[in-house]
There are 2 protein chains.
Amino acid sequence: MHNRCENCIIRELNSLKALKKDELKRISDSKVSKNIKKGEVIFKEGEKLNGVFCVRSGVSKLFKMCDNGKDQIVKMSARGEVLGQRSVITDERTNLSAVALSDMEVCYIPKQHLQDSINNNVDFTKAVLLNIANDLKFADNVIVNMAQKSVKQRCAETIIHLEDSFGTDCDGFIAVTLTREDIANVVGTAKEACIRTLSTFKKGKLISTDGKRIKIENKKALYRLIEGF
Amino acid sequence: MHNRCENCIIRELNSLKALKKDELKRISDSKVSKNIKKGEVIFKEGEKLNGVFCVRSGVSKLFKMCDNGKDQIVKMSARGEVLGQRSVITDERTNLSAVALSDMEVCYIPKQHLQDSINNNVDFTKAVLLNIANDLKFADNVIVNMAQKSVKQRCAETIIHLEDSFGTDCDGFIAVTLTREDIANVVGTAKEACIRTLSTFKKGKLISTDGKRIKIENKKALYRLIEGF
DNA sequence: CTGTAAACATGATAAAAGTCATGTTTTTAA
DNA sequence: TTAAAAACATGACTTTTATCATGTTTACAG
């Protein structure tokens with residue numbers, strides 16, 4: 001049996017929760033469920049999207065390729081994220097690329113339905129607005145951190161943020177495993193610097209690792225570090 | 001005679017242009033025009049705002065104070081900007097501080113009116129949404145620049161952005177004069193590094209200066225620099 | 001005007017971070 | 001299972017950027 005949006009709990013995590021029954025029904029009738037493999041491109045910077053991707057499971061990165069050959073990850077998407085929302089709203093080409101970091105289940109929702117709901121359902125428009133406003137607040141804070149904090153501080157911040165966003169598995173490890181290079185691309189540094197910094201954290205018993213998996217051992221010390229010691 | 005919002009051209013520059021006649025009338029009746037002196041604090045990070053500030057003239061900086069004692073400027077507000085919009089929408093404390101960089105004329109609009117219009121006028125809600133979505137796109141790009149570009153590149157970028165946002169005066173100088181320290185706080189570097197970089201630009205005839213005033217002499221070269229040469 | 005504070009400028013040095021090289025370990029796919 | 005590729009790790013070195021010190025210029029209030 002096909003999954004219906006009406007019964008989907010993911011909806012509670014994003015702006016789609018403000019949709020009315022009939023809107024939900026229309027969306028559910030036209031949405032397409034997709035399985036995306038790890039490493040697969042969801043969309044590329046500069047593409048014109050004809051819909052958004054509602055993430056049911058799995059993790060993806062939103063990033064920009066830079067002139068220096070590196071990627072800068074702007075956001076990691078958790079479950080509930082609506083990928084492409086911003087560019088569908090403004091009806092312009094995407095500003096970022098999206099790539100799956102694990103196998104993912106997403107629902108593709110044609111943009112016409114969203115635009116209809118934005119035009120006719122103030123509650124939905126408000127929900128989207130709140131969502132984007134929170135993204136903006138978060139982005140502003142990232143700007144400040146990028147500009148004013150050291151690589152070590154940003155590494156600490158990133159680890160904590162990953163744990164906050166994705167939680168921990170049964171062994172206490174952060175429930176998302178990124179390569180050191182991806183972490184470096186979130187932090188905004190070279191992978192060597194990232195590797196070295198995480199090694200330092202490990203020596204100082206701030207974290208422990210098992211392969212790529214990371215466990216926070218001393219959150220307080222990480223926070224102290226972020227604040228500048 | 002008191003200035004009426006109905007006749008104010010500034011409105012065309014922001015989301016208030018989507019307001020209907022009666023909404024505009026109510027806002028105009030309750031708004032307060034204020035003159036703000038250079039250096040004056042408009043609001044402080046963490047404050048609860050009871051309204052927004054529509055900028056009629058003058059320039060202000062939106063910034064965050066950091067643990068290291070420096071400020072990071074996240075945005076420079078031009079004419080038409082609605083200061084405090086984001087935090088009034090989300091109904092939370094401000095994430096940034098705002099300080100006037102020149103004498104300013106602003107109109108203070110109580111938040112109740114905005115919230116009423118957001119709840120009842122989809123066109124207005126959409127206009128605000130577009131506005132915030134654009135801010136988000138801009139912020140994402142700043143993140144990428146902060147993380148991946150050198151101080152020299154970011155200085156070049158900042159100068160061009162200032163010219164784009166504020167234009168030039170009759171002599172061709174950028175129509176906003178910041179201290180080197182403020183420029184450094186936009187770029188995300190120390191004031192000495194900023195001063196040195198601008199000196200280099202001057203020697204290379206990329207810009208010329210007159211006191212604090214800056215004129216772009218070779219925009220192409222600045223662009224080439226930004227792209228990495 | 002003019003004294004004083006703020007802003008600008010620049011040198012010297014230290015610290016942070018990037019780059020390159022190389023070897024090891026882990027993953028992945030045939 | 002195993003060979004190849006990718007990821008991890010670390011040393012050596014370079015470049016970039018921050019910090020400190022000091023002198024000059026500019027802006028502005030009395």
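Just so it is clear, the values below take in all heavy atoms, side chains as well, and ignore hydrogens, waters and symmetry mates. All chains are named by letter (A, B, ...) in the order of the sequence lines, taking the proteins before the strands, and each is independently numbered beginning at 1.
At distances below 3.5 Å, not a single donor-acceptor pair connects side-chain atoms of B:T168 with backbone N or O atoms of B:A175. Judged by distance alone, the side chain of A:R11 and the main-chain N or O of A:C5 form a donor-acceptor pair under 3.5 Å.
A:K149 comes within contact range of no nucleotide atom at all, as no heavy-atom separation falls under 4.0 Å. At a threshold of 4.0 angstrom between heavy atoms, the contacts of B:K191 with the nucleic acid are absent.
When each of B:N68 and A:S199 is assigned the nucleotide of DNA chain D bearing its nearest heavy atom, the one mapping closer to the 5' terminus is A:S199. For A:G188 and A:K212, each mapped to the nucleotide of DNA chain C holding its nearest heavy atom, the one lying further toward the 5' end belongs to A:G188.
Residues A:V59 and A:F166 form a side-chain contact, since some pair of their non-hydrogen atoms from C-beta on lies under 4.5 Å apart. Looking at heavy atoms from C-beta onward, A:L162 lies in side-chain contact with A:L178 at the 4.5 angstrom threshold.
Taking 3.5 Å as the limit, the base of C:dG11 and the side chain of B:R196 contain a donor-acceptor pair of atoms between them.
Taken over five-pair windows at either terminus, the axes of the helix from C:dC1-D:dG30 to C:dA30-D:dT1 are inclined to one another by 60° (rounded to 10 degrees).
No more than 12 heavy atoms of other residues, nucleotides or ligands sit less than 6.0 Å from atom NZ of A:K44. Crowding of B:K38 atom NZ: a count of heavy atoms from other residues, nucleotides or ligands under 6.0 Å not exceeding 12. By the neighbour-count criterion of 12 heavy atoms within 6.0 Å, atom NZ of B:K152 is sparsely surrounded, having that number or fewer from other residues, nucleotides or ligands. Open room surrounds CZ on A:R79; 12 or fewer heavy atoms of other groups in view lie less than 6.0 Å from it.
Atom CD in A:Q148 sits roughly 13 Å away from atom P in C:dA17 (whole-Å rounding). In this structure, A:K70 places its NZ atom 7 Å from C1' of C:dG18, rounding to the nearest Å. Counting to the nearest Å, the P atom of C:dC20 and the CD1 atom of A:I195 are 16 Å from each other. If you take CD of A:E192 and P of C:dA16, they are 18 Å apart, rounded to a whole angstrom.
Ranking C:dT10, C:dT28, C:dG18 by closeness to the A:K38 side chain, first place goes to C:dT28.
Where DNA chain D meets chain A (any atom under 4.0 Å from a heavy atom), the bounding nucleotides read 5' to 3' are D:dA7 to D:dA12.
Note on B:T179: every side-chain N or O is 4.0 Å or more away from OP1 and OP2 of C:dA6.
Every salt bridge (charged side-chain N to carboxylate O under 4.0 Å, His left out) that A:K111 has, sequence neighbours left out, goes to A:D91.
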